[in-house]
Amino acid sequence: MKVLVTGAAGQLGQELVVRLQPLHDVVAWSRAEMDLTRHRDVREAVLAIGPDAIFNCASFNQVDLAEDQQLTALEVNAMAVGTLARAAAVLGAVLVQYSTDFVFAGTATAPYSEDDLPEPRSVYAQSKLIGEWLAADAGRYYVLRVESLFGGPHRRSSVDRIVEAIRAGTPATVFVDRVVSPSFVADVVSASMFVVDSRPAFGLYHCVNSGHATWFEVGREIARQLNAPDTALSPVSVHDVKLRASRPQFAALNNHKLARAGFAMPSWQDALGRYLTT
Ligand SMILES: NC(=O)c1ccc[n+]([C@@H]2O[C@H](COP(=O)([O-])OP(=O)(O)OC[C@H]3O[C@@H](n4cnc5c(N)ncnc54)[C@H](OP(=O)(O)O)[C@@H]3O)[C@@H](O)[C@H]2O)c1
C-alpha cells in the first residue's frame, strides 16, 4: 500500500513513519517538505503521489498562540484538512485525521463519547472541530480524537516533564483537578493502522488509552512504576494557573466505539508501563 504521512516530524508523525515504513511504501512530509497551507501544491502533489491512505499528523498545536493567530490555526487545522480530504476523495484514498479532547467544554462528569456535543472553548479547539467536519469530505475517513499524547521519538510531553522531574527529584507542578485520558503514541499508531487495515465503519472514534485520571494521579502512578518517591509532585489547581486559552477541566474520553469496532486500547497504566521500560 502507498501511504502519505503529513506532519511527519511531529510526535505522532515520527512514530507512524517508523512503524509504517517496514510494511508500506511511505511518503513522509514534514512542514519543510510541504507546507500544508500551500493548498494548490498540496492537491497537485497528493494526486501525483496517489496514496491509498493519508495520515494527517500535521497540526497547529500551540493552544495559547492560536488565540492570537486565528487565521493560521484555521488554515492548518481546518482548511488544509479539507484540501487533503478532497484529494483523497478523488483518489478513493482513506484519510486518517487526528483531533482532540479540547473540542469539549470539559464540564461533564463521565467520560465523553462520540455522541456528546462538542463545545469548543478556544480558537485551537474550534479550528480542530472544523477540521473534523472537513475530513468527512474524503468520504472514506477516520477522525481519531486523541489527548495528552506521550511517547514517540520526541520526549517533550507532559508525561515526560513529570518523568524527568521524578527521576531528578526536582519539582513538577501537576493539576489535581484536571482529568485526562492519556494517549500513548505507540497505541495510537496501532489503532490508526488497525482502522486502515480493517476498515470498520468510517467516521469519528475516540482513540485514547482506557481509563482516566487527574494529572496528579498520573504523576503518582509514574512514581510508583519508577519505584521513586512522589515528593517531586507539586499539586496545583486549574484555578491557580492563568492560561491564555481555555482548556477543558474534565477531558476524559471513552473509547468504547473503537473497542466495539475491534480495537481495544490498553489502559493508561499499562501504556505508561511499556513507555517507562523502553
Ligand atoms: N500532543 C498532544 O498532546 C495532542 C493532544 C490532542 C490532540 N493532538 C493531535 O494529535 C495530532 C498529532 O499531534 P503531535 O503531538 O504529534 O503534534 P506535533 O508534535 O506538534 O506535530 C505537528 C506537526 O505539524 C507540523 N505543521 C504545523 N504546521 C504545518 C503546516 N502549515 N504544514 C505542514 N506541517 C505543519 C509541525 O511542524 P513544525 O514543527 O515545523 O511546526 C509539526 O511537525 C494533531 O492533530 C494534534 O492536534 C495532540
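As the structure lists them, so they are numbered: ligands from 1, and atoms in each ligand from 1. Remember, predicted model here, so these are calculated numbers, not experimental data.
Judged by the shortest distance from any of its heavy atoms, Y124 lies inside the 4.0 Å radius around the atoms of ligand 1. Proximity of M34 to ligand 1 is established by a heavy-atom distance of less than 4.0 Å.
For ligand 1 and Y98, the ligand atoms under 4.0 Å from any heavy atom of the residue are 10 (O), 11 (C), 45 (O).
Looking at A80 against ligand 1, nothing comes within 4.0 Å, counting heavy atoms. Proximity of C57 to ligand 1, defined as any heavy-atom pair under 4.0 Å, is confined to the backbone N, CA, C and O atoms. Contacts between F150 and ligand 1, counted as non-hydrogen atom pairs separated by less than 4.0 Å, are absent for every part of the residue.
Here's the thing with N56: none of its N/O atoms is less than 3.5 angstrom from an N/O atom of ligand 1. Ligand 1 has an N or O atom lying under 3.5 Å from an N or O atom of R156, backbone or side chain. Distances between N or O atoms of H154 and those of ligand 1 include no value under 3.5 Å.
Of the options N61, D35, L16, the smallest heavy-atom separation from atom 30 (C) of ligand 1 is shown by D35. Within the set K128, R145, E147, the minimum heavy-atom distance to atom 45 (O) of ligand 1 is found for K128. Nearest to atom 4 (C) of ligand 1 by heavy-atom distance, out of L12, L149, D101, L36, is L149. Taking all heavy atoms of G13, S157, S59 into account, the minimum distance to atom 25 (C) of ligand 1 is reached by S59. Of all the listed residues (V185, V146, T6), V146 holds the heavy atom that lies closest to atom 6 (C) of ligand 1.
Under the 4.0 Å distance rule, the nearest protein heavy atom to atom 39 (O) of ligand 1 falls outside the cut-off.
Remark: the backbone N or O of A245 is paired with a side-chain donor or acceptor of R247 at under 3.5 angstrom.
Aromatic rings from F202 and Y142 are positioned such that their centres are separated by under 6.0 Å.
Taking atom 42 (C) of ligand 1 as the reference point, the nearest protein heavy-atom neighbour is G10 CA, 4.3 Å.
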